[in-house]
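Report on one structure; see the data block that follows.
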Amino acid sequence: MFVSINQLNKQFLDKDEKPTTVLKDIDLQIEKGEFVSILGPSGCGKSTLLSIVAGLTEATSGDIIVDGTTVKKPGKDRGMVFQQAALFPWINVLENVMFPLKKEMAKEEAEAQAKKYLQMVQLGNYLNHYPHELSGGMQQRVAIARALAMNPETLLMDEPFGALDEQTRTRLHGQLEDIWLETKKTILFVTHSISESIKLSDRIIVMGTRPGIVLTDIKVDLPRPRDQHKEEMLAIEEKIMRYLKKEIDKVVSEELSHEASR
Ligand SMILES: Nc1ncnc2c1ncn2[C@@H]1O[C@H](COP(=O)(O)OP(=O)(O)OP(=O)(O)O)[C@@H](O)[C@H]1O
Ligand SMILES: [Mg+2]
C-alpha cells in the first residue's frame, strides 16, 4: 500500500489536562494514485488526521507509512492545503507560491512554474497583490496553486474548495480531476460536500465522531467525468446521508443533554 495508516490514535489534553480521544483505531490503506475523500461531522478529527499524515502533528499511538517510509516529520513528498490558507502576509502572491519552489529549482524556473499554477486558479492578474488584499477564496486558491506547483507525490487537501463560489468550485473540480488523471497523484481530500466527494473520488471514507472513527469505506465505481451519471450519484449520496445523519443526530442530542446538565 502506498499510504498505510495503522491503528492510529490521537488524544489531546483538554483544559483540565484530561486526555480526550479524538481519533480512535483508524486503519486506512490507500493505493498509489487513489483519490480518497474523507467526510464526517465537524470536529470528528479530519483535519487532525491530515495533519498527522503531513507529519505536522504527532500521533499518540499507531503509525503511518507513506511510500515505504514511516512519517515522522513533514516532507516535500506530501503537499498540504490547509483548511485556512496559510500564506506569508509579508510577501506577494507570486512570491508565496515561489517560496518553497526556490529551494528546489532556479529562480526563473520557479517563477514560471508559480505563474503557470496561479493562472490555472485564475489569479494571473494578482501576482503582485499581498494576501490581505485578497478575498478568503482567492487566498485559498493561492494555497492550492502553491501545493500543486511543488508537484508532490501525495496531496493532502483540507476542504480546499470550502470558501469558493459554486462556479469557481466546479471549474477547480475539473482542473483537479485533470491534474489527477494526468499525474496519478495520491490524493487525500477532506470535504463537507457529499456531492463533491462523489464527483471526484475513487473511495469515500465516512467518519463518525466522539471519538473519530471510520464508519464506512465506500467505493465509487463510476466512469469520469461523472456528471452524466446523476442517478447513480444520487443513490450513493443517499447512502452517505444516512450515515452522516445518524452521527449528526448523535452530536446534537449529546450537546442538548450537556446543556441540560449545566
Ligand atoms: N491542538 C489541539 N488541542 C486540543 N484539541 C484539539 C486540537 N486540535 C484539534 N482538537 C480537537 O480535536 C477535535 C477534532 O478537531 P479537527 O480540527 O480535527 O476536526 P475536523 O473534523 O477537521 O472538524 P471541521 O469539519 O470543523 O474542520 C475537536 O474536538 C477539536 O477541538
Ligand atoms: Mg477541519
Side-chain angles (χ1 to χ4, degrees), residues 3 5 7-28 30 36-64 71-74 78-87 136-137 139-141 143-144 147 154-164 169 176 187-198 200-201 203-218 237 240-241 243-259 262:
V3 178
I5 301 175
Q7 284 294 298
L8 185 81
N9 285 279
K10 177 65 186 174
Q11 298 182 334
F12 284 115
L13 296 180
D14 66 16
K15 55 184 186 312
D16 311 317
E17 298 282 298
K18 215 176 77 211
T20 327
T21 301
V22 171
L23 294 171
K24 188 170 161 55
D25 299 339
I26 305 283
D27 277 312
L28 203 54
I30 300 168
V36 177
S37 286
I38 303 177
L39 281 170
S42 179
C44 74
K46 303 178 295 296
S47 295
T48 306
L49 178 62
L50 238 56
S51 170
I52 297 174
V53 179
L56 296 164
T57 300
E58 211 181 328
T60 306
S61 65
D63 61 55
I64 296 187
V71 170
K72 292 210 168 73
K73 55 179 174 35
R78 283 154 288 137
M80 177 99 173
V81 179
F82 294 92
Q83 196 167 353
Q84 256 109 32
L87 304 177
Q139 291 180 19
Q140 194 61 358
R141 282 186 277 153
I144 293 167
T154 305
L155 269 169
L156 308 167
M157 307 183 87
D158 196 353
E159 298 188 43
F161 305 143
L164 305 179
R169 204 172 170 130
L176 181 62
I187 302 184
L188 208 49
F189 185 92
V190 171
T191 176
H192 278 291
S193 164
I194 303 178
S195 59
E196 179 170 275
S197 71
I198 298 172
L200 293 174
S201 26
R203 266 164 70 201
I204 300 170
I205 309 298
V206 183
M207 286 181 67
T209 189
R210 302 179 179 193
I213 51 165
V214 172
L215 283 182
T216 185
D217 187 334
I218 296 170
E237 185 158 341
I240 296 173
M241 289 273 264
Y243 276 103
L244 285 178
K245 188 174 178 308
K246 264 192 243 163
E247 283 305 304
I248 291 165
D249 288 349
K250 187 176 102 183
V251 173
V252 171
S253 71
E254 277 176 18
E255 292 289 338
L256 288 176
S257 66
H258 182 70
E259 280 295 309
R262 286 206 321 184

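All ligand and atom numbering here is 1-based and tracks the order in the structure. Quick note: numbers below take in every heavy atom, side chains included, and nothing from hydrogens, waters or symmetry partners.
- Here OG of Ser42 is found 9.5 Å from CD1 of Ile248. Values are rounded to the nearest 0.5 Å.
- By the 4.5 Å heavy-atom criterion applied to side chains, His192 and Lys46 are counted as neighbours.
- Looking from atom 26 (O) of ligand 1 to the surrounding protein, the closest heavy atom is Ser42 OG, 2.6 Å.
- Under a 3.5 Å cut-off, the side chain of Arg78 and the backbone N or O of Ala54 do form a donor-acceptor pair.
- Those atoms of ligand 1 with a heavy atom of Val22 less than 4.0 angstrom away are 12 (O), 13 (C), 14 (C).
- Under 2.8 Å from the Mg ion (ligand 2) lies an N/O/S atom of Gln83, whether from backbone or side chain.
- The distance from the CD1 atom of Ile213 to the CD atom of Glu247 is 6.5 Å, given to the nearest 0.5 Å.
- Here the straight-line distance linking atom CD1 of Ile64 with atom CG of Leu49 works out to 6.5 Å at 0.5 Å rounding.
- In terms of polar-atom proximity, Leu13 is not counted as a contact of ligand 1, lacking any N or O under 3.5 Å from an N or O of the ligand.
- Against a heavy-atom cut-off of under 4.0 Å, Gln83 is close to the following atoms of ligand 1: 27 (O).
- Note that CZ of Phe82 is 7.0 Å distant from OG of Ser51, once rounded to the nearest 0.5 Å.
- For Cys44, the closest heavy-atom approach to ligand 1 falls below 4.0 Å.
- Taking a distance limit of 4.0 Å, we find that atom 13 (C) of ligand 1 is approached by some protein heavy atom.
- Looking only at heavy atoms of the protein, atom 17 (O) of ligand 1 is closest to Ser47 CB, 3.7 Å.
- Of all protein heavy atoms, the one lying nearest to atom 23 (O) of ligand 1 is Gly43 N, 2.8 Å.
- Not one N or O on the side chain of Asp217 forms a donor-acceptor pair closer than 3.5 Å with the backbone of Ile205.
- Ser201 places a side-chain N or O within 3.5 Å of a backbone atom of Ser197 that can act as its donor or acceptor partner.
- With contacts defined as side-chain heavy-atom distances shorter than 4.5 Å, the pair Val214/Ile26 qualifies.
- Counting only heavy atoms of the protein, atom 11 (C) of ligand 1 lies nearest to Phe12 CD1, 4.0 Å.
- By the criterion of a heavy-atom distance under 4.0 Å, the side chain of His192, and not its backbone, is placed next to ligand 1.
- Taking 2.8 Å as the threshold, Thr48 does not count as a candidate ligand of the Mg ion (ligand 2), since none of its N, O or S atoms lies below it.
- The Glu159 neighbourhood of ligand 1 comprises atoms 25 (O), 27 (O), with distances under 4.0 Å to a heavy atom of that residue.
- In this structure, atom 31 (O) of ligand 1 has no protein heavy-atom contact shorter than 4.0 Å.
- The closest non-hydrogen atom to atom 16 (P) of ligand 1, taken over Thr20, Thr48, Thr191, Leu49, comes from Thr48.
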Quiz item: Going through the checks in order, is the side chain to side chain donor-acceptor pair (under 3.5 Å) test met by Gln11 and Thr21?
Solution: CA-CA 4 Å; Gln11 298 182 334; Thr21 301; 3.2 Å; yes
